[in-house]
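Here's the structure, in structure tokens; my notes come after.
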Amino acid sequence: VESDKGSSSSTSRRFHVSPLYFGILATGTLAFLVATPWLLNPYWNAVIVTIMMYATLAEAWNIITGFVGYPAFGNVAFFGVGAYTVSVFTLQLDWPFLLSLLACFVVAALLCIVVGSPLLRTRGHYFAISTVALALALQQLTYLVPFLPTAGSGSVVLDPFDLPGVSEPNAAFFLMLFLLVVTVCFTYWVSKSRFGYGLKSIRADEHAAHTYGIPVHRFKISAWAVSAGLSGATGAVWATWVGAIDPVSAYDFQIAQLFCVIALIGGLGSVIGPLLGAVVIGLLSEFMRARFPDVHALVLGIIIMVGILLTPYGLVGLTRPENSFRARIHALKGSAWQ
Amino acid sequence: MQITINIFMNGGILGIVAAGFSLVYGVMNILNIAHGSFVMIGGFITFSIVTTWGWNPLFALPVAAAALFAFGFTFYRYVLVLLATTSIFMVFIFTFGLDMALENLGVLIWGATSHTVPSSFQGSHITIGDAVLPIGHLVVLVASWFLGGLLYWMMKHTKFGLAMQATALDADSARLSGVDVRFVCALTFGLSAALGGAAGSLLSIVQPISPRMGLEVIGLAFVTSVLGGLGNVPGALVAGLLLAAIQSLTTLWFNAQYAQLTPFLVLLVILVNRPQGLFGRKHFAEVQF
């Protein structure tokens, strides 16, 4: 989708898709996804569930990081909280799964409101570090919480999904798809609403936004709470899907960083960016894992580095001529050390 | 008493790991996630030298530091310099990519299991009252304080140290005053990597090392450098001891599981109430995308 052809490169034209094409594309993708469980084998089903999970997490992360400009690198905290909350609700309180899912959303969002309020007083790198610290603290706390089924080791074995009329692998698929659609719709609404413009003005200049009468703190905390709630619900579906969790896998730092990478490679602050990133990085990661089992992290790491060198504004940024590959390579040559 | 000594000894290493991490943040505004992997590689270079040629690990330390200095300098010189104008969070994720690659490289070369460096310090110890003070820990503590002191002296009294401080305060003014900012940045990155390598070398003397230890190390480096104030090198050295003291006291009063938790709770409290660290000047990174 490169659009710099000589004279047009001086005008900064934004890539624009007409609503009709967008509608057709979205409907087509959705139709494909709904039919997937019957079209593809279990391996590819699992890959697509994973990609949808990363897309949801990246999109939820995008709300707080892309729109508000607060880099919550430790959002995996809420993913882990969701995973453990669902175990408490389904195993110990015997709630049906869908109700537990809702409860996970609420618990993660409430936790975010309680713990997040003081954290949102920090900014920039400090905020980034404090969210990572939150994730690490919650991970360690999991070992110490007495009411979990197996206190001490912290690992829990969960019951399978109990959705009426849907079998096990398809249940994970449709729940993940549901969460993805909800998250994307919410982010789309954010990008168009007064709320979203308020968030973007906070990103641009928080003091100015405050002066203009935007309830800065309330906006920040609501955006983050929804982001946390969606991450928590994703964690709940993931936990039930994989069947057994422990603090190391539920607060996995690799997962945490991977969805940030996905959102950044795709393009922050746009609705489509994290989805694009999830498909590209998800397929790439899966391909590497299958093709080069020993060195897939090495290759993926190098791809992340090269990707950031070539597309510092994400894949979505490529649609602007001043960020195209050719312009970027030119800029890189300029900043190289001669 | 015994636990206190054992963990307190690690404070020195923690201090120089955090000092290296803090240095790069202070001068270049880069949060280097790969610093933990630098520590890991330093440890494994020591391991390879000791097992191949039977050297004393302390003699392997300069080799590890030099190797990582060369890597850090070259990496900044040819790669990171290209990212000078990119948003700080892209650079953050970039170092995460580097970390992934280095960790995988470590697993490829040395295997995924943990290794213990055989050394002459093992088994020998001094007894004070009823407490046993292993020689290895003592050597490590002295060596890390020596390195910390060397770094402090260099920052205060050499031309390079002053140029580094000038760059940290205001890169543009430093450039106007005739400082070759890019060269200073490359040297700083190399120096930070060298400190990481040296820390890894020392760490390998007192505890088993594994290619996957980078993450654990970087978690503690985060806490230590924030406690001392991000970018504040002497602060980081003191905070290393402070954090180790906090951890050992928690172990003593509660249990080892709580000692894993307290650093992060301390970090959260410090960040919210005193983001410039215990000893730091006020300094905020602005968010830019």
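Atoms considered below: every heavy atom in the structure, side chains included; atoms not considered: hydrogens, waters and symmetry mates. In the text below, chain A, chain B and the rest are named by the order of the sequence lines, each starting its count at 1.
Contacts of V115(A) with chain B are absent, with no heavy-atom separation under 4.5 Å from either backbone or side chain. Contacts between L267(B) and chain A at a heavy-atom distance below 4.5 Å involve the side chain alone, from C-beta outward. Proximity to chain A involves both the backbone and the side chain of L82(B), based on heavy atoms less than 4.5 angstrom apart. At a 4.5 Å heavy-atom cutoff, the contact between L108(B) and chain A is made by side-chain atoms alone. When heavy atoms are compared at a cutoff of 4.5 Å, F222(B) approaches chain A solely by way of its side chain, counted from C-beta outward.
Annotation for I304(A) and M100(B): closest pair CD1-SD, 3.9 Å, computed over non-hydrogen atoms. Counting all heavy atoms, side chain and backbone alike, A133(A) lies closest to F264(B) at O-CB, 3.7 Å. The two residues M90(B) and T311(A) make their nearest non-hydrogen contact at CE-O, 4.2 Å. Nearest approach of A137(A) to L265(B), heavy atoms of both residues: CB-CD2, 4.3 Å. Annotation for I93(B) and I308(A): closest pair CG2-CD1, 3.5 Å, computed over non-hydrogen atoms.
Residue-environment remark: CZ (F183(B)) stays at or below the threshold of 12 foreign heavy atoms within 6.0 Å. The environment of E216(B) atom CD is sparse: at most 12 non-hydrogen atoms of other residues, nucleotides or ligands sit within 6.0 angstrom. Remark: H217(A) NE2 is packed, more than 12 non-hydrogen atoms of other residues, nucleotides or ligands lying under 6.0 Å away. Residue R212(B) qualifies as open at atom CZ: its count of foreign heavy atoms under 6.0 Å is 12 or below.
Ring geometry, F73(A) versus F92(B): the interplanar angle falls from 30° to 60°, so the pair is classed tilted.
For the atom pair H296(A) NE2 and N104(B) CG, the distance stands at 7.0 Å (nearest 0.5 Å).
The most heavy-atom pairs under 4.5 Å with chain B, out of V295(A), I302(A), I303(A), come from V295(A). Chain A forms the most heavy-atom pairs under 4.5 Å with one residue out of T95(B), L261(B), L98(B), D99(B), and that residue is L261(B).
At a threshold of 4.5 Å between non-hydrogen side-chain atoms, the residues V223(B) and L136(A) do not count as touching.
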